[in-house]
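Note: hydrogens, waters and symmetry copies are ignored here, and every other heavy atom, side chains too, is used. The shown structure was predicted, so the numbers you read here are calculated from the model rather than taken from an experiment. All ligand and atom numbering here is 1-based and tracks the order in the structure.
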Amino acid sequence: MQKIRKAIFPVAGLGTRFLPATKASPKEMMAVVDKPLVQYAVEEAIAAGVEEIYFVTSNAKRAIEDHFDKNYELEAKLEEKGKKRILSQVRNLVPSHVSIAYVRQHEALGLGHAVLCAKQLIGDEPFAILLADDLIDGGDQPCLKQMVDVYKQTGAGILAVQQVERSQTDQYGIVDVDSTHQIQKIVEKPKPEQAPSNLGVVGRYILPSKIFELLEKTQSGSGGEIQLTDAIAELIKTDPVIAHPFTGVRYDCGSKLGFLKANLEYGIKHPEFGDEWLAYLKARLCG
Ligand code: UTP
């Protein structure tokens with residue numbers, strides 16, 4: 001069985017749900033407490049064994065490249081001031097065995113199209129996809145690591161899923177599964193009355209490279225975009241794909257409310273000022 005060594009990070013979306021914040025800044029660079037969303041997702045991928053990271057980016061997302069690049073001036077200043085701890089954090093965002101490369105999606109034609117932009121970089125091996133605006137707190141079992149473990153047992157494609165409100169099925173890819181969690185049906189953003197279940201796909205996938213040839217044949221679907229879900233609907237006709245109901249909490253940080261919730265919760269867990277933040281919240285609610 002091939003190891004999951006490569007991951008695609010599609011970050012070329014327009015982020016319309018988070019305007020005006022995302023007019024000139026990438027939503028993936030928005031910080032939950034003190035780290036940008038994209039860094040949480042990169043750390044999750046590395047914890048799951050990923051060694052090659054490919055961002056599918058656009059002209060509006062240069063800040064992401066800068067974030068993972070060296071900043072000589074900043075490092076020199078921190079060194080001069082003796083700020084060793086923060087210097088080491090800024091310097092070692094990714095360990096030396098991990099490489100990062102970028103490919104452009106010239107037009108936001110959908111998640112499926114974004115994934116297809118990385119086809120040459122992935123080649124003929126199974127790979128992961130992480131959507132950084134889904135922040136998933138899996139505790140000591142990061143979500144992608146859980147999925148890699150299921151992949152190792154089954155060799156199948158794996159999608160992270162969670163129960164969603166019936167009224168919100170039109171915001172997700174919705175799956176129907178059998179008793180072994182194998183996906184029998186997958187539909188992009190069905191209306192609640194047409195949804196085959198309330199199991200929604202969230203932003204973590206492990207897929208075989210066969211998905212690329214299926215994406216090449218996929219016509220634009222929901223929202224006029226080339227949907228990854230539609231290619232997965234073709235994939236399940238020939239290959240097993242398993243829905244993994246991950247352990248952990250997912251914050252939809254592409255939405256304003258989800259982002260606020262993430263900041264509140266990660267603030268409480270922060271080692272430096274979590275207690276003070278919690279005390280503030282308690283006083284604010286009770287005072
Ligand atoms: P979303 O559905 O969240 O779209 O994309 P979006 O444009 O980022 O945000 P909204 O809905 O307008 O607020 C899911 C993921 O797919 C990427 C996004 O960057 C996000 O990580 N994506 C989407 C692309 O890379 N390219 C696209 O054409 C569309």
Among all protein heavy atoms, pick out the one at the shortest distance from [atom]; state its residue, atom name and that distance to 0.1 Å.
{"atom": "atom 16 (O) of ligand 1", "value": "L111 CD1, 3.5 Å"}
{"atom": "atom 8 (O) of ligand 1", "value": "K27 NZ, 2.7 Å"}
{"atom": "atom 28 (O) of ligand 1", "value": "G110 N, 2.8 Å"}
{"atom": "atom 25 (O) of ligand 1", "value": "A12 N, 2.9 Å"}
{"atom": "atom 22 (N) of ligand 1", "value": "G13 N, 3.6 Å"}
{"atom": "atom 7 (O) of ligand 1", "value": "L14 N, 2.8 Å"}
{"atom": "atom 12 (O) of ligand 1", "value": "T16 OG1, 2.5 Å"}
{"atom": "atom 14 (C) of ligand 1", "value": "L131 CD1, 4.0 Å"}

Donor + acceptor pair across side chains of H113, Q105 (<3.5 Å):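 Side chains of H113 and Q105: pair found under 3.5 Å.
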More than 12 heavy atoms from other groups under 6.0 Å of [atom1] on [X]:
{"X": "H181", "atom1": "NE2", "result": "no"}
{"X": "F273", "atom1": "CZ", "result": "yes"}
{"X": "K256", "atom1": "NZ", "result": "yes"}

Mind checking whether [X] has an N or O less than 3.5 Å away from an N or O of ligand 1?
{"X": "L109", "answer": "yes"}
{"X": "A132", "answer": "no"}
{"X": "E107", "answer": "no"}
{"X": "V56", "answer": "no"}
{"X": "A114", "answer": "no"}
{"X": "E225", "answer": "no"}
{"X": "P10", "answer": "yes"}
{"X": "R17", "answer": "yes"}
{"X": "K189", "answer": "no"}

Centroid separation F18 to F259 less than 6.0 Å: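 F18 vs F259: aromatic centres under 6.0 Å.
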Aromatic contact, Y205 with F127 (centres under 6.0 Å):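 Between Y205 and F127, the centre distance exceeds or equals 6.0 Å.
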Sub-4.0 Å heavy-atom contact, Q105 with ligand 1: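 It does; at least one heavy atom falls under 4.0 Å.
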Cation-pi check, K35 onto Y40 ring (under 6.0 Å, within 45° of axis):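 Cation-pi check for K35 and Y40: passes.
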Minimum heavy-atom distance L37-V32, with the two atoms named: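 Where L37 meets V32 most closely, the heavy atoms are CD2-CG2, 3.7 Å.
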Sole residue of F68, F9, F55 in ring-ring contact (aromatic ring centres under 6.0 Å, His included) with Y102: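 Testing each of F68, F9, F55 against Y102, the sole residue satisfying ring-ring contact (aromatic ring centres under 6.0 Å, His included) is F55.
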